[in-house]
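This report concerns only the one structure given below.
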Amino acid sequence: MGPVDLPAPPRDDADVPRWTAELGLPGLVDVHVHFLPERMLHKVWAYFEEAETHYGLAWPVQYKLTEQERYARLEELGVLRFAPLTYPHKPGMGEWLTGWAGEFADAHPRAVRTATLYPEPSVTEYLGRAVDAGARMVKVHVQVGAFDPRDPLLRDAWGLLAETGVPAVVHCGDGPIPGDHTGLGIFTEVLEAHPGLRIVLAHAGMPDFRGALELLERFPGVVLDTTMVGTAFSERIAPLPKDWPARLAEFPGRIVLGTDFPNIPYPYAEQLAAIHGWAAAEPRLGHDFLRSVLYDAPARVLGVDPTG
């Protein structure tokens, strides 16, 4: 099927199930969702309330709901499986958040087990336990954690992930604001040291989208997630290259759905409509691209059968 065969993009969240059904999909698989301990999540929301100070623009979190309501909203959207991501910002938090994420996944069937890490002497030990317990994704937030991903304390942790094939969602780009150790050039050194790593480049490396595509060319274990990419909000601060849809056609199966739910400043459907727009703009994309991005490729990354 080509772009001419595509159904209308989703108008709003309530319209998402209609859209996925018309695409012939049973639902969605999202590799970039955030669930956190409640006190920590409310601190994150408080930070976004001051977004004009931090980022120079307002960031009204769309889904300020209870944990149960947020999980139910994902069900209503047709998200069959998702990776609930956590991230520490100081020593001692990584092990605690990894344990919390495991308990969350045990209590919520649509969530996969995840882990996180921080450069500290115990990181390889608690990460190894999480992998042995079935973790299917690791979240690494270089910007919030304010750490260097090349830190020697992380060498064995990266090696563990490369050896076991457990993928990591890594926020290492300079968006929305740069950190001391962000920038794709820095993380490229990690990939060069551990070429077997399976990496999901969060936000497609925003704002260095062309640099992210170069990493796809160099490292077969790297994929890009769509988190916030191409939405009207992000186009104001990190516009996509004009040839973005055409470039994506060069990398079949290497783009996966991510959204940043619940902390996005617009409805979930807006991300899906942006992805739909890429598929409609490039004859080589169309239906096959949407099925891959929304379902097949993220399910493969997480190692799940979404309907099983």
Yes or no on ring pair (Phe, Tyr, Trp, His ring centres under 6.0 Å) for Trp59 and Phe233, after CA distance, side-chain angles and deciding distance? CA-CA 9 Å; Trp59 192 305; Phe233 178 88; 5.1 Å; yes
Dump the intermediate steps for side chain to side chain contact (heavy atoms under 4.5 Å, CB included) on Arg110 and Leu74, then the final yes or no. CA-CA 9 Å; Arg110 298 188 181 218; Leu74 289 174; over 6 Å; no
Working for side-chain hydrogen bond (donor to acceptor under 3.5 Å, both in side chains), residues Glu120 and Tyr126: CA-CA 11 Å; Glu120 52 196 336; Tyr126 68 73; 2.7 Å; yes
Stepwise side chain to side chain contact (heavy atoms under 4.5 Å, CB included) test for Thr226 and Gln271: CA-CA 8 Å; Thr226 64; Gln271 181 68 77; 4.1 Å; yes
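Considering all non-hydrogen atoms of both residues, Phe209 and Ala204 come closest at CD2-O, 3.5 Å. Taking every heavy atom of both residues into account, Arg81 and Ala111 meet most closely at NH2-O, 3.9 Å.
Between the side chain of Asp225 and the backbone N or O of Val200 there is no donor-acceptor pair closer than 3.5 Å. Side-chain atoms of Thr114 never come within 3.5 Å of backbone atoms of Ala101 as a donor-acceptor pair (strictly under, hydrogens ignored). Put simply, the side chain of Gln62 never gets that close to the backbone of Tyr268: no donor and acceptor are under 3.5 Å apart. Looking only at distances, a side-chain donor or acceptor of Arg284 sits under 3.5 Å from a matching main-chain atom of Ala246. No donor-acceptor pair closer than 3.5 Å links the side chain of His194 to the backbone N or O of Val190. With hydrogens and angles disregarded, no donor-acceptor distance shorter than 3.5 Å links the side chain of Thr259 to the backbone of Thr227.
Aromatic ring centroids of Phe35 and Phe82 lie under 6.0 Å apart.
Here Lys90 pairs with nothing under the salt bridge (Lys or Arg N to Asp or Glu O under 4.0 Å) rule; sequence neighbours left out. Every side-chain contact (heavy atoms from CB on, under 4.5 Å) that Pro178 has, sequence neighbours left out, goes to Asp174, Thr182. Residues that satisfy the ring pair (Phe, Tyr, Trp, His ring centres under 6.0 Å) test with Tyr118, not counting sequence neighbours, are Phe147. With sequence neighbours excluded, the residues satisfying side-chain contact (heavy atoms from CB on, under 4.5 Å) with Val44 are Leu36, Phe48, Tyr87, Asn263. Residues that satisfy the ring pair (Phe, Tyr, Trp, His ring centres under 6.0 Å) test with Phe289, not counting sequence neighbours, are absent from this structure. Under the side-chain contact (heavy atoms from CB on, under 4.5 Å) criterion, Ser234 pairs with Met206, Met228, Thr231, sequence neighbours left out. The side-chain contact (heavy atoms from CB on, under 4.5 Å) test applied to Ala133 returns Arg113, not counting sequence neighbours. Shown here are the salt bridge (Lys or Arg N to Asp or Glu O under 4.0 Å) partners of Arg291, two or more places apart in sequence or in another chain: Asp296. The salt bridge (Lys or Arg N to Asp or Glu O under 4.0 Å) test applied to Arg70 returns Glu38, not counting sequence neighbours.
A donor-acceptor contact under 3.5 angstrom links the side chains of Asp260 and His34, judged on distance only. Thr66 and Glu69 share a donor-acceptor pair across their side chains, judged by distance under 3.5 Å alone.
Taking 4.5 Å as the limit, some side-chain heavy atom of Val16 sits within range of a side-chain heavy atom of Leu28. Contact of the Pro88 side chain with the Thr116 side chain is registered, since non-hydrogen atoms from C-beta on lie closer than 4.5 Å. Side-chain contact between Leu117 and Val138 is present, with heavy atoms from C-beta onward closer than 4.5 Å. Side-chain contact between Leu216 and Leu213: present, with at least one pair of heavy atoms (C-beta onward) separated by less than 4.5 Å.
Separation of atoms CZ (Arg198) and CG (Leu161) is listed at 10.5 Å; rounding is to 0.5 Å.
Ring geometry for Phe104 versus His108: interplanar angle under 30°, hence parallel rather than tilted (30 to 60°). Using the six-membered ring where Trp is involved, Phe187 and Trp158 have ring planes that are perpendicular, over 60° apart on the 30 and 60° scheme.
Screening residues 160-184 for ring pair (Phe, Tyr, Trp, His ring centres under 6.0 Å) gives His141-His171, His171-His203 as the qualifying pairs, with residues at least two apart or on separate chains. Applying the side chain to side chain donor-acceptor pair (under 3.5 Å) test to pairs two or more places apart or on separate chains, those with a residue in residues 204-223 are Glu192-Arg218, Arg210-Asp243, Glu217-Arg247.
Within a 6.0 Å radius of CZ in Arg129, more than 12 heavy atoms belonging to other residues, nucleotides or ligands are found.
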Please tabulate, for side-chain N and O atoms in residues 51-58, each donor-acceptor pair with protein atoms closer than 3.5 Å (sequence neighbours left out).
none

